[in-house]
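The structure appears right after this line, and notes come after that.
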Amino acid sequence: MKGLPSCKSGKVVGTRFNALSSLAAWLAGGVSFVALRPVGAGLACALLLAAPLPANSFEIFGWKFFESDEDEANAVPDPLPYEADLSISDGADDLTEELKGASLLIQQQEKPPSGEAGLLARSLSDRERLVAQLYADGRYGGTVDITLAGIPLETALEQSDLPDVRPVKVEILVNPGPVFTFGNIDVSSEDGDLSTDPAYWGLTKGDVAASGKILTAEKRMIGVLRDRGYPKARIAERRITADHSTKTLAVTLIADAGYQARFGPVTVKGTEVTKPDFVVQQAMLPVGSVYSPEDLARARKRLNELGIFSSIRLVEGEIEGPDGTMPVTIEVSERKRHVIGAGASWSSTEGFGVESYWRRRNLFGRGELLSVEGSVGRIGNESVLDMEYSARIAFEKPGVFGPLTSFSTSLQARQEHPDAYKSRSITYDAFLNREFSEQLKGRAGAEIYYANEEDAFGNEDYLLVGLPAELTFDNRDDKLNPSKGVYAALFAEPAYDALNSNAMGFIKGTVSSYYALDEAKRFILAGRVSTGTILAPSVESVPASRRFIAGGGGSIRGYAYRNVGPRKDGEITGGRSIIELSGEVRVMVTETIGIVGFVDAGNAYEDSIPDFSESLKVGVGAGLRYFTPIGPLRVDAAVPLDPEQDDPDFALYVGLSQAF
């Protein structure tokens, strides 16, 4: 049985395979491999990582999107069908699924290669991948034998011809060999002052000598040096010796820190509409400061958040001069400037809702955004005249007073019609937004709000002039499906009703937190608390649309939308204070399916301070999650435990992302 050619003393021996020419070049770059006797394949071969296969389309719910005629045009010519089977000797059946997962011959049987040459190339690649997988499991004496129509792979390569029987029978026999452990380990560096303790880098004598541990140690060593200002750090020498008599692996890793660098001049390439100086300003690279990969990551994040670039690369130049100056080039590709989007939602209590928007990116070349948005809600629950409508035009400009500030303004016309009231309003606002850190952001501005409203108190007009401000903290690991972190928001607005000569103030705070019970993040606890108060002479002095009313999908699930709170003659009036509590247990059943159990509670109160003598309204339920590349699809069913007038027996909610 013959495996991959051995890597010995830094050279490829016993092979004529062109597929391994890149390995010889890799070995010439300062890497050596020493074996005490020939083995099925060299460790250096295994340390080469296979490139991921390109994806040509996106599939969700059984449908494929983004398929094009080009996909059909690129169909494989002269496809050669084959049937592959993988077996393992030495009774190591526990490796079967792992090796099948690494095998292209097994995984891509439904995608025939192009002719015999294509099948031979796939077989060569497969042998490298399988041996690499063995090395990842710490098995350095294993062999991989592949036969095509009964002909050994090496023979098939020499004669370049296979029997005419179709499909071609492909047999893969793997002898995994024994598991090796780490022997002597030596870690050092040329400058950079790295720890020489192998255990610090995850390499411990006596542990299984998985090749991935070596790669991880190297990555950590280079990462530490880069964090200390050495952008050109590299592994200068890697010596790996497999002793088959003792089944141990000796490892020597020597890192070269190179020169410490400082950020030099920043230039921009690839812009068409965007002004290059604006890109440099928003990147905020600290020219003259010691090099830091975190500064580069923050610059990339800030540029990405502008939403005007489809790709961003920060290219590090050569270190020059006595002070170690290193220029940086920002290479960007601009996105299409016009965007059209749409969305929909549904719940059994609120009916259907649809929304759409048109956006013009990079209006004047400095990241400006013009948006025109519209929505229709409560479709099917109300007549056409009584449905909810919204139209909004908004403008945003980043970098108005430096890269951390932006300006936004909007004009919105809206009709709201929950069961409690009917409101027709026009709002104009303008804000200055400030980023204090990656997690902490705030905004402050002015607002003019006019509304004509009908509710339990009658018909009234309001004209509020306010100074709203908001502060948010967000360190969640995922905005749509968080598993850890905290989100907190505090809103405050002093306002004056010019038509009715009433002063008032609005305050509301929300905190949500997430905690994973296991390392795989399959069991997650999530909780949310919201509370608010309105300082005003009376409930009726506050516009109905601005009063606190609980109930519905974003509040207490199970109850009708905005149907929990103080009442007058059986009709909801809303209140001047509110408290809402939510708790969820989220469980991932598979990689794509999850289930959720939840409890929501809360109430709104007439006074500015909650009256806790009144019991909380509680809703309980369960939900299903289908995890897609753009976030979890959510379906929740909830039951109100203390329903009142207009509340349903149960409610269903459908949306994208988690409930909070």
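Residues: numbered from 1 along the sequence shown.
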Before giving the answer on salt bridge (charged side-chain N to carboxylate O under 4.0 Å, His left out), spell out for Glu644 and Arg567 the whole-Å C-alpha distance, their side-chain angles and the decisive distance to 0.1 Å. CA-CA 11 Å; Glu644 293 197 34; Arg567 295 177 180 266; 3.2 Å; yes
Is there a salt bridge (charged side-chain N to carboxylate O under 4.0 Å, His left out) between Lys422 and Asp386? Walk through the geometry before answering. CA-CA 8 Å; Lys422 186 174 184 178; Asp386 290 334; 2.7 Å; yes
Please report the C-alpha distance between Thr427 and Leu411 in whole Å, then the side-chain angles of each, then the deciding distance to 0.1 Å, and finally whether the side-chain contact (heavy atoms from CB on, under 4.5 Å) criterion is met. CA-CA 6 Å; Thr427 305; Leu411 178 65; over 6 Å; no
Test salt bridge (charged side-chain N to carboxylate O under 4.0 Å, His left out) applied to Arg476 and Asp474, step by step: CA-CA 6 Å; Arg476 294 173 295 176; Asp474 188 354; 2.8 Å; yes
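In this structure, the salt bridge (Lys or Arg N to Asp or Glu O under 4.0 Å) partners of Glu373, at least two apart in sequence or on a different chain, are Arg392. The side-chain contact (heavy atoms from CB on, under 4.5 Å) test applied to Thr267 returns Thr329, not counting sequence neighbours. With sequence neighbours excluded, the residues forming a side-chain contact (heavy atoms from CB on, under 4.5 Å) with Leu440 are Phe436, Ser437, Leu471, Phe473, listed by chain and number.
Taking both residues in full, the closest heavy atoms of Ile524 and Ser483 are given as CD1-CB, 3.5 Å, listed atom of the first, atom of the second, then distance. Between Ser582 and Ser555, the shortest heavy-atom contact is OG-O, 4.0 Å. Of all heavy-atom pairs spanning Tyr559 and Pro648, the tightest one is C-CD, 4.1 Å.
Proximity of Val511 to Val486: side-chain heavy atoms (C-beta onward) are separated by under 4.5 Å at one or more points. Side-chain contact between Asp419 and Ile572: absent, with no pair of heavy atoms (C-beta onward) separated by less than 4.5 Å. Contact check for Leu535 versus Met504: no side-chain heavy atoms found under the 4.5 Å cut-off. Leu306 is listed as a side-chain neighbour of Phe278, based on a closest heavy-atom distance under 4.5 Å. Considering only heavy atoms from C-beta on, Ile549 stays 4.5 Å or farther from Asn563 through its side chain. Inter-residue side-chain proximity for Arg366 and Lys397 is flagged as met; some heavy-atom pair is nearer than 4.5 Å. A 4.5 Å side-chain heavy-atom check between Tyr450 and Tyr462 finds every atom pair outside the cut-off. Using a 4.5 Å cut-off on side-chain heavy atoms (C-beta onward), Asn362 and Thr274 make contact.
A side chain to side chain donor-acceptor pair (under 3.5 Å) check over residues 649-660, counting only residues at least two apart or in different chains, returns the pairs Asn481-Gln658, Arg625-Gln658. Within the structure, every pair that satisfies the ring pair (Phe, Tyr, Trp, His ring centres under 6.0 Å) test and touches residues 357-416, not counting sequence neighbours, is listed here: His338-Trp358.
Looking at Arg528, Arg634, Arg557 one by one, the single match for salt bridge (charged side-chain N to carboxylate O under 4.0 Å, His left out) with Glu584 turns out to be Arg557.
A cation-pi geometry, defined here as NZ or CZ lying under 6.0 Å from the six-membered ring centre and within 45° of its normal, does not hold between Arg586 and Phe523.
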Under 3.5 Å, sequence neighbours excluded: what are the donor-acceptor pairs made by side chains of residues 539-547?
unit_1, atom_1, unit_2, atom_2, d
Ser541, OG, Ser538, N, 3.3
Ser541, OG, Ser538, O, 2.7
Ser545, OG, Tyr449, OH, 2.4
Ser545, OG, Glu453, OE2, 2.7
Arg546, NH2, Glu493, OE1, 2.7
Arg547, NE, Val539, O, 3.2
Arg547, NE, Val542, O, 2.8
Arg547, NH1, Asp455, OD2, 2.6
Arg547, NH1, Thr573, O, 2.8
Arg547, NH2, Asp455, OD2, 3.0
Arg547, NH2, Val542, O, 3.0

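For Lys269, the NZ atom is loosely surrounded, since the number of other residues' heavy atoms within 6.0 Å does not exceed 12.
Taking CG of Leu464 as the start and CG of Asn500 as the end, the distance is 9.0 Å to the nearest 0.5 Å.
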